[in-house]
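Order of listing sets the numbers, starting from 1, for every ligand and every atom in it. These figures come from a predicted structure and were not determined experimentally.
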Amino acid sequence: MDTSDVESFCLRLPKVELHAHLNGSLSEDTLRVLCMENPDLSSDEKINALISSFHLKNRSLEECFKKFDIAHAVTINPAAVKKATKDVISDFAADGVAYLEIRTTPRSVPGVMSKREYIQAVVDTIKDVPSFIGPNKFIVVKLLLSVNRRESPAEAEENIREAIVANAAHPDIVVGVDLSGNPKCGNVVQDILPLFTQARISGLKIALHCAEIPNEYEVEEMLKYNADRLGHGTCVHPSHGGTERLWKLFLDSKTPLEVCLTSNVKCKTVESYENHHLQHLLQLQHPFAISTDDKGVFSTTLSKEFELAAKTFNLSALELCHCIEMAIHASFASTDEKKQLMSELSAFKTKEGLA
Ligand SMILES: CNc1ncnc2c1ncn2[C@@H]1O[C@H](COP(=O)(O)O)[C@@H](O)[C@H]1O
Ligand SMILES: [Zn+2]
């Protein structure tokens with residue numbers, strides 16, 4: 001396919017997004033509107049300062065983490081959380097995403113919103129999707145609730161408890177838990193993985209941010225934990241600060257990896273797209289899901305991530321369709337939903353003359 005064909009093909013592709021943090025995915029328009037609705041931030045200079053710092057070029061992973069505090073400054077009540085969720089879902093649907101798993105860290109604002117009310121605001125908006133997604137659009141949306149490893153074990157325990165309650169109340173929407181946050185923080189193996197086991201026992205799927213930075217002991221324990229999916233997986237391969245042993249453990253686990261190309265390069269955990277560890281997954285046919293991570297912070301879309309993968313690793317139209325197939329299998333969708341997504345993909349392939 002030539003360049004312009006790749007771009008339009010990636011836009012048309014019925015894509016599957018499995019790794020998208022709500023507050024990292026806010027578009028500039030959404031940020032602007034949420035600022036205007038916030039009396040403390042509604043002046044032009046404050047709005048412009050906030051938005052430009054949200055998109056400021058990162059020089060490190062640390063700098064990236066400071067950006068989420070900016071988004072958190074505007075999603076401070078249920079109405080703002082609903083607006084953020086509605087806009088992010090609409091953005092993905094407009095980008096041709098057919099299936100979306102949003103993940104977000106339950107957050108309380110004293111006197112305004114409890115963690116449960118935060119979660120309810122997201123769930124209510126997901127339930128409301130048919131009312132705001134255009135008639136010619138189709139998107140299935142699920143929710144994972146996150147534990148931020150920077151927070152205390154008590155916070156982590158509370159988030160897992162809230163996730164179990166939310167899953168019991170909305171099993172078709174709240175499908176999993178995610179471990180994320182600054183990888184330099186927290187004692188995950190001792191304080192957090194045991195909590196995730198409680199979530200697993202109650203029927204929630206497990207997604208772990210893994211090996212964003214080198215940490216042999218933690219990565220080994222995470223690989224042995226047999227999560228349903230892993231995110232990033234940057235420092236597993238020996239060429240990126242991992243070891244042969246970790247790499248073998250990872251391959252043997254056959255755990256699907258959520259691959260975030262632009263996030264890794266803009267956070268400088270991977271030096272270039274050409275050097276990205278996706279090359280090894282392609283070579284070894286290890287399952288992966290091309291993902292955005294934080295489309296707002298990194299000014300990307302899922303179509304652009306597919307286009308990047310296609311151009312960097314010379315992937316054909318059929319190989320891009322196979323990426324969607326792998327993501328469907330790795331998703332936390334129900335069996336019927338997976339069948340529906342697979343039949344949508346085969347109808348797409350027929351229409352594109354690929355079947
Ligand atoms: C860049 N790579 C990353 N690595 C680890 N955690 C990340 C992340 N990108 C985002 N988050 C996690 O997602 C939260 C923002 O969304 P929510 O407030 O939950 O909706 C961040 O605070 C961080 O904990
Ligand atoms: Zn992430």
Side-chain angles (χ1 to χ4, degrees), residues 17-27 30-31 34 54-76 80-89 100-109 113 115 118-119 121-123 125-126 143-152 155-156 159 162-163 176-186 188 192 207-213 215 218 222 227 229-235 257-270 289-300 302 305:
E17 170 68 80
L18 302 182
H19 187 135
H21 300 272
L22 177 61
N23 280 272
S25 299
L26 305 185
S27 69
T30 303
L31 271 172
L34 291 175
F54 195 66
H55 291 307
L56 206 63
K57 205 164 155 25
N58 295 318
R59 283 186 297 275
S60 68
L61 189 59
E62 281 303 321
E63 283 197 359
C64 163
F65 279 98
K66 290 195 188 96
K67 305 242 174 115
F68 304 117
D69 299 338
I70 297 168
H72 293 158
V74 295
T75 49
I76 50 170
V81 173
K82 285 184 175 181
K83 162 86 180 150
T85 307
K86 179 178 174 183
D87 284 10
V88 165
I89 293 171
L100 165 63
E101 288 181 13
I102 293 177
R103 57 185 74 186
T104 193
T105 315
R107 194 159 25 98
S108 63
V109 177
M113 174 172 65
K115 285 189 178 182
Y118 178 96
I119 296 168
V122 180
V123 168
T125 311
I126 292 172
L143 177 60
L144 280 66
L145 294 170
S146 303
V147 166
N148 183 340
R149 59 186 289 165
R150 182 188 65 185
E151 306 299 336
S152 68
E155 283 279 326
N159 287 16
E162 287 302 324
V177 284
D178 155 59
L179 170 65
S180 47
N182 189 329
K184 291 179 181 162
C185 302
V188 163
I192 300 184
L208 303 178
H209 279 60
C210 175
E212 288 187 88
I213 58 174
N215 183 334
E218 179 184 289
M222 278 193 180
R229 289 198 313 256
L230 295 171
H232 297 290
T234 309
C235 305
L257 186 71
E258 300 146 355
V259 169
C260 309
L261 294 165
T262 300
S263 171
N264 295 162
V265 170
K266 287 197 173 180
C267 288
K268 305 222 178 307
T269 54
V270 171
I290 294 172
S291 309
T292 55
D293 203 11
D294 304 288
K295 71 175 178 67
V297 171
F298 302 121
S299 305
T300 189
L302 190 54
E305 294 303 307

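Taking a cut-off of under 4.0 Å to the non-hydrogen atoms of Asn148, the atoms of ligand 1 that pass are 24 (O). Atoms of ligand 1 found under 4.0 Å from any heavy atom of His21, numbered from 1 in the order shown, are 7 (C), 8 (C), 9 (N), 10 (C), 11 (N), 12 (C), 13 (O), 16 (O). Those atoms of ligand 1 that come under 4.0 Å of a heavy atom in Ser263, given as number and element, are 1 (C).
Among the atoms of Cys260, none of the N, O or S atoms falls under 2.8 Å from the Zn ion (ligand 2). Taking backbone and side-chain atoms together, His209 has an N/O/S atom less than 2.8 Å away from the Zn ion (ligand 2). Among the atoms of Asp178, none of the N, O or S atoms falls under 2.8 Å from the Zn ion (ligand 2).
Among protein heavy atoms, the minimum distance from atom 3 (C) of ligand 1 is reached at Glu212 OE1, 3.6 Å. Ranking protein heavy atoms by distance to atom 18 (O) of ligand 1, first place goes to His72 NE2, 2.6 Å. Gly181 N, 2.9 Å is the protein heavy atom nearest to atom 6 (N) of ligand 1.
Classified by interplanar angle (parallel below 30°, tilted 30° to 60°, perpendicular above 60°), the ring pair His232/His19 is perpendicular.
Angle OD1 (Asp293) to the Zn ion (ligand 2) to NE2 (His21): 90°, rounded to 10°.
The shortest N/O to N/O separation between Asn23 and ligand 1 falls below 3.5 Å. Close N/O approach between Ser146 and ligand 1 is not found [any backbone or side-chain N/O within under 3.5 Å].
Ligand 1 lies within reach of Cys64, whose nearest heavy atom is under 4.0 Å from it.
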